[in-house]
Amino acid sequence: MTGESNRQDRRQKGTGKDMVRAFPPPPRAEQFSELIRKRVEEAKAAGGTRETVTVDRNGQQIHVDVIDLPLSDLYLNPGTHRIRAQRSHKPDQDRNLDKDPYGEAGQDYLRSLLQAMPSDPDLRDPAFDKLKEDLREFGQNEPGLVTHHGVLVNGNTRAVALRELGKQSMRVGVLPPSFTQADIDAVELALQLRQDQRRDYSYVNRLLAMEEQAALGRTPEQIAKEFRIRTATYHQERWILSVIKELNDRSANGGGVALRLVDWEGAQERLKELQRLYVKLENLDRDQAEILKERRLAAILLNFSKTDVRHIDEVFLEEGYLEAVLPAELADSGTAAQPESVSIPGLGLDVPAASSAVSAARALNDRILRAAATVRNTTAGVPDSEKASAQALLDQAKEAFDTAIDKHGRDARVRKRKQLAPARLADACANIDQCVIELVQARTSNSLDEEAFDEAVLKLQGSLRKLAQQAGRGIPNPGDGVSWLLAAVTAEGTT
């Protein structure tokens, strides 16, 4: 498979059609459907109060019966939102899951992802073990939810945990046969977003769920309400997902290796801070905003902390901290001369092209992206020598970024110390200005405490004397302000 076909596959996965993909019925679907029908009839015939679970369908509440079903016959849901990003962890197994979602290999891959940490699917998630212990001690409190063919809609993680505990059955509500795949996805999303769920969606999976809802034609306001966020936050999250997908596409090389959605788990706060700063700068200087975006994204990919990434700001760019330490082989990223404008196909319009500085920032980031994709590749086929070369590039880039960020941080601390005294004095001036207003008001209402005011003025006098004493020692060539202060205190001392 070529790099271009890989990119097309990834772009197709972003379409609304793909996001509401209807999976084929599992093996023995009709037999299992008949078992479900019989169990529901038995529950109804037993009389008494039947257990039901309430689901929402297009704004209407539907009560479905809860029955016991054999765990061995239930299928994990290949379309569950919970691990949609993590499926990309092992591309070969992900493709196999697409081809045979209910086969043994595909179901085993789903099981392993449901047990794993969202940010690193190679590790077991402590939250899963906590859920398992809760089920061991207290049993299954809330029923799961299945389609009439036995595919789990809600309760996939619990099913895996119950199987590990050796349980033979699981209580589940059964959705009516009339539910479409879009209905099923909407039900799962609504249930998982409830506050009482034990395990939250990972960050990227939330982004994908929002994208899916948008593809179904829901408005930003509706989606924001469903996810219990502000509409502005929804737009922020969509921007972040678009950036992640763009970067994954840019990371692809000719061998089909590319970054995965799961590689961006754990970057939530750094990406949100980037979006806020980008929007602020975009209206002032688009090129600066683009360069800052590329620099910060590279730092995020190189695993710098949130505090370190914050140092990549307007001053970091203006002072050229990174350019001063970037090795020649990284500084020369193969950028060619850029045209002044580019044409929009089909519209006959020319728009300004990216500046050479933006192109250089993108070119460096592209090299870092491709190197990261090579190093993080989990499939066979990439030579060790290629991985070693990619790791060496990442090490070089990280050292350069680390040096630049450290230098900017130290300079920023020096600048802050230099500004502390003037800032304190500016605050004092603001307080005195406010004091003038309140003094006038107190005199007008005849409510001034003259004795207390006189004591405060004497304290001010003492403070000004100490300020003049220190200013006279540390400033060899005083300006107008310090000269006035020294003269005022000197004159006051001679009276």
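Between the CG atom of N156 and the CG atom of L76 there is a distance of 5.5 Å, given to the nearest 0.5 Å. Interatomic distance, CG of L271 versus CD of Q275, reported as 10.0 Å (0.5 Å rounding). Atom CG of residue L189 and atom CG of residue D56 lie 11.0 Å apart, to the nearest 0.5 angstrom.
Minimum interatomic distance between M170 and G155 (heavy atoms only, all atoms of both residues): CE-O, 3.5 Å. Here the shortest heavy-atom pairing between Y203 and I240 reads OH-CD1, 3.2 Å. Closest non-hydrogen pair, A159 versus L152, comes out as CB-CD1, 3.5 Å. When every heavy atom of M117 is checked against every heavy atom of P126, the shortest pair comes out as CG-CD, 4.1 Å. Here the closest non-hydrogen pair linking N248 and A258 is O-CB, 3.8 Å.
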D185 vs Q181, side-chain hydrogen bond (donor to acceptor under 3.5 Å, both in side chains): CA-CA, chis, key distance, verdict
CA-CA 6 Å; D185 289 345; Q181 187 64 45; 3.1 Å; yes
Could you check R250 against E294 for salt bridge (Lys or Arg N to Asp or Glu O under 4.0 Å), going step by step and ending with a plain yes or no?
CA-CA 12 Å; R250 285 168 54 187; E294 294 296 331; 3.0 Å; yes
Under the side-chain hydrogen bond (donor to acceptor under 3.5 Å, both in side chains) criterion, do T231 and E221 qualify, and how do the steps go?
CA-CA 6 Å; T231 304; E221 291 74 20; 4.7 Å; no
Going through the checks in order, is the side-chain contact (heavy atoms from CB on, under 4.5 Å) test met by Q213 and E226?
CA-CA 10 Å; Q213 294 300 299; E226 185 75 23; 5.7 Å; no
Would E188 and H81 count as a side-chain hydrogen bond (donor to acceptor under 3.5 Å, both in side chains) here? Give the steps.
CA-CA 8 Å; E188 185 212 354; H81 296 86; 2.5 Å; yes
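The closest donor-acceptor contact from the side chain of R296 to the backbone of I312 lies under 3.5 Å. Side-chain atoms of K272 never come within 3.5 Å of backbone atoms of T233 as a donor-acceptor pair (strictly under, hydrogens ignored). A distance-only check finds a donor-acceptor pair linking the side chain of Q222 to the backbone of T219 [under 3.5 Å]. S389 places no side-chain N or O within donor-acceptor distance of the main-chain N or O of S385, the cut-off being under 3.5 Å. Side-chain N or O atoms of Q86 include one that pairs as donor or acceptor with a backbone N or O of P118 at under 3.5 Å. In this structure, the side chain of Q107 engages the main chain of P101 through a donor-acceptor pair within 3.5 Å. With hydrogens and angles ignored, the 3.5 Å screen pairs a side-chain donor or acceptor of S251 with a backbone N or O of L259. Side chain of N205 to main chain of A85: a donor-acceptor pair is present (N/O by atom type, distance under 3.5 Å, no hydrogens or angles).
Scanning for side chain to side chain contact (heavy atoms under 4.5 Å, CB included) contacts around P26 gives A29, Y75, Y102, H149, V151, with sequence neighbours left out. With sequence neighbours excluded, the residues satisfying side chain to side chain contact (heavy atoms under 4.5 Å, CB included) with D122 are H89, K90, D120. For E323, the side-chain hydrogen bond (donor to acceptor under 3.5 Å, both in side chains) partners at least two apart in sequence or on another chain are R295. F304 is linked by a ring-ring contact (aromatic ring centres under 6.0 Å, His included) to nothing, counting only residues two or more places apart in sequence or in another chain. Qualifying side chain to side chain contact (heavy atoms under 4.5 Å, CB included) partners for A404, counting only residues two or more places apart in sequence or in other chains: F316, Y321, L322, V325. Under the side-chain hydrogen bond (donor to acceptor under 3.5 Å, both in side chains) criterion, T403 pairs with no residue, sequence neighbours left out. Remark: H148 engages no residue in a ring-ring contact (aromatic ring centres under 6.0 Å, His included) (not counting sequence neighbours). Residues meeting the side-chain hydrogen bond (donor to acceptor under 3.5 Å, both in side chains) test with R111, sequence neighbours left out: D108, Q115. Residues passing the side chain to side chain contact (heavy atoms under 4.5 Å, CB included) test with S178 are R57, P176, sequence neighbours excluded. Applying the ring-ring contact (aromatic ring centres under 6.0 Å, His included) rule to F401 yields no partners; only residues at least two apart in sequence or on another chain are considered. Residues passing the ring-ring contact (aromatic ring centres under 6.0 Å, His included) test with Y278, sequence neighbours excluded: W239.
The existence of a salt bridge linking R206 and E237 is excluded, since no basic side-chain nitrogen approaches an acidic carboxylate oxygen closer than 4.0 Å. Note on E142 versus R158: no salt bridge recorded, every NZ/NE/NH1/NH2 to OD/OE distance being 4.0 Å or above. Using a 4.0 Å cut-off between charged nitrogen and carboxylate oxygen, K293 and E290 count as a salt-bridge pair. Using a 4.0 Å cut-off between charged nitrogen and carboxylate oxygen, D406 and R410 count as a salt-bridge pair. Using a cut-off of 4.0 Å between Lys/Arg side-chain N and Asp/Glu carboxylate O, R362 and E246 are scored as salt-bridged. Taking 4.0 Å as the cut-off between side-chain N and carboxylate O, E133 and R136 count as a salt-bridged pair. A salt bridge does not link R276 to E282: none of the charged side-chain nitrogens sits closer than 4.0 Å to a carboxylate oxygen. Salt bridge status for R87 with D98: present, with a side-chain N to carboxylate O gap under 4.0 Å. Under a 4.0 Å N-O distance rule, the pair D395/K398 does not qualify as a salt bridge. The pair K245-E211 meets the salt-bridge criterion, with a side-chain N (NZ, NE, NH1 or NH2) lying under 4.0 Å from an Asp/Glu carboxylate O. Classification of R260 and D263 as a salt-bridged pair holds, one side-chain N sitting under 4.0 Å from a carboxylate O.
A 4.5 Å side-chain heavy-atom check between D183 and L175 finds every atom pair outside the cut-off. A 4.5 Å side-chain heavy-atom check between I368 and L394 finds at least one atom pair inside the cut-off. Side-chain contact between T180 and I184 is absent, with no heavy-atom pair separated by less than 4.5 Å. By the 4.5 Å heavy-atom criterion applied to side chains, L191 and V187 are counted as neighbours. Looking at R238 and L207, their side chains never come closer than 4.5 Å, going by heavy atoms from C-beta outward.
Residue E399 places its CD atom among 12 or fewer non-hydrogen atoms of other residues, nucleotides or ligands, all under 6.0 Å distant. Residue-environment remark: CG (D384) stays at or below the threshold of 12 foreign heavy atoms within 6.0 Å. The environment of K167 atom NZ is sparse: at most 12 non-hydrogen atoms of other residues, nucleotides or ligands sit within 6.0 angstrom. Summarising the local packing, CZ of R230 is surrounded by 12 or fewer heavy atoms from other residues, nucleotides or ligands at distances under 6.0 Å. The neighbour count for E104 CD, taken as heavy atoms of other residues, nucleotides or ligands under 6.0 Å away, does not exceed 12.
For residues 172-192, no residue pair satisfies the ring-ring contact (aromatic ring centres under 6.0 Å, His included) rule, not counting sequence neighbours.
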